[in-house]
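In what follows, a structure is listed as structure tokens, so that the remarks can point back to it.
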Amino acid sequence: MHILSADQFTKKQLEELFTLTDSIKSQFLTDKNKLLKKHEGKVLITLFYEPSTRTRLSFATAAAHMGMSVISTENAREFSSAAKGETIEDTARVLEQYYPDAIVIRHHETGEVARAAAVTKVPIINAGDGKGEHPTQSLLDMYTIWDSHKKHSGLKVVLGGDLLHGRTARSLAKLLTCFDGNHIVFNTIPELQMADDIKEYLDGRGVTYEEEPDMKRAFQNADVVYWTRLQKERLPAGVHIDQTYKIDKKAMSYLPETAIVMHPLPRVDEILTEVDDDPRAKYFDQAGNGMFVRMALLDTILK
Ligand code: ASP
């Protein structure tokens, strides 16, 4: 089973995955050595053509905590044969010869991870492809929403920041359609607005959304605020955009006490550090959940 897009998940699969995540997390926190036998002797390859801290290292630690070996290329753009002109299909075919149990790939071009998946039976996991998708990030995002609100439906979710070039909000928008009654508010500037393909996806799945550029109005009665950084590396040459949307203490005052603020990280300056101590700021817990969700995902794929 390849993991390429958030749209491949059903509500049932998500609920099973989050139940498994809860169980792995509690086993880990009680006696983490017990998990070491789970996938002993198996091998995970991580092939990253783009920078990463959380995704690569949380996959690597998730695998290590379940007894797997991890073989890693952290700058495949420069240090793999891609630099010599090898296609991703050929790279995938070659890696298959080494009998890995799964391969996690991040690529700077949208669709490249799917090209690798098309030529191999080894499970390929999309760890982010250009401005396409980041399905495993959206899994940990949904898990974090569950962890805080104990529900996935009937939520008002504000997606803000760079919705046009960021892949995480795209995948999360898709996953939100698996549950009933969610309403999405896009809170950004016109130049960074969510692309039409996602809006059409939401229309097709009956999920309501609105564009609300005013932060105060967008935050009113929100259950979740999902903030993202300006993806400077994806702006066309010569284009300069000021990320004027920042969450500070004042912005937090617009939010209900029960809301949570999430961010896939890395944060640059779009959430001020003065917000970090607010109990509604969940972005570091969210990153921590990433390892447990990825353990559950690997466990599901490898079974
Ligand atoms: N870490 C996330 C990603 O790889 C978010 C970001 O880089 O802004 O897409």
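Note that ligands are numbered from 1 as they come in the structure, with each ligand's atoms numbered from 1 the same way. Heavy atoms only: backbone and side chains are in, while hydrogens, waters and symmetry mates are out.
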Among the heavy atoms of Q231, does any lie under 4.0 Å from an atom of ligand 1? yes
Taking both backbone and side-chain atoms of L265, is any N or O found less than 3.5 Å from an N or O belonging to ligand 1? yes
Can you name the atoms of ligand 1, numbered from 1 with element, that are less than 4.0 Å from a heavy atom of R229? 6 (C), 7 (O), 8 (O)
Let's go through K25 and D22 carefully: what are the C-alpha distance in whole Å and the side-chain angles of both, what is the deciding distance for salt bridge (Lys or Arg N to Asp or Glu O under 4.0 Å) to 0.1 Å, and is it a yes or a no? CA-CA 5 Å; K25 190 172 177 178; D22 276 341; 6.0 Å; no
Out of all atoms in ligand 1, which are within 4.0 Å of some heavy atom of P266? Include the element for each. 1 (N), 6 (C), 7 (O)
Could you check atom 4 (O) of ligand 1 against the protein and tell me its nearest heavy-atom contact, residue, atom and distance included? R167 NH2, 2.8 Å
Where does the angle between the aromatic ring planes of F219 and Y254 fall among parallel (under 30°), tilted (30 to 60°) and perpendicular (over 60°)? perpendicular
In residues 61-70, what donor-acceptor pairs under 3.5 Å come from side-chain atoms, sequence neighbours left out?
residue : atom : partner : partner atom : Å
T61     : OG1  : L57     : O            : 2.7
T61     : OG1  : S58     : O            : 3.3

Rounded at 0.5 Å granularity, tell me how far NE2 in H183 sits from CG in L176. 11.5 Å
Salt bridge check, D223 against K156: does any charged N sit closer than 4.0 Å to a carboxylate O? no
R106 heavy atoms within 4.0 Å reach ligand 1 at atoms 4 (O)
Answer yes or no: does an N/O atom from T168 fall short of 3.5 Å to an N/O atom of ligand 1? no
Would R167 and E133 count as a salt bridge (Lys or Arg N to Asp or Glu O under 4.0 Å) here? Give the steps. CA-CA 5 Å; R167 53 201 172 198; E133 279 213 47; over 6 Å; no
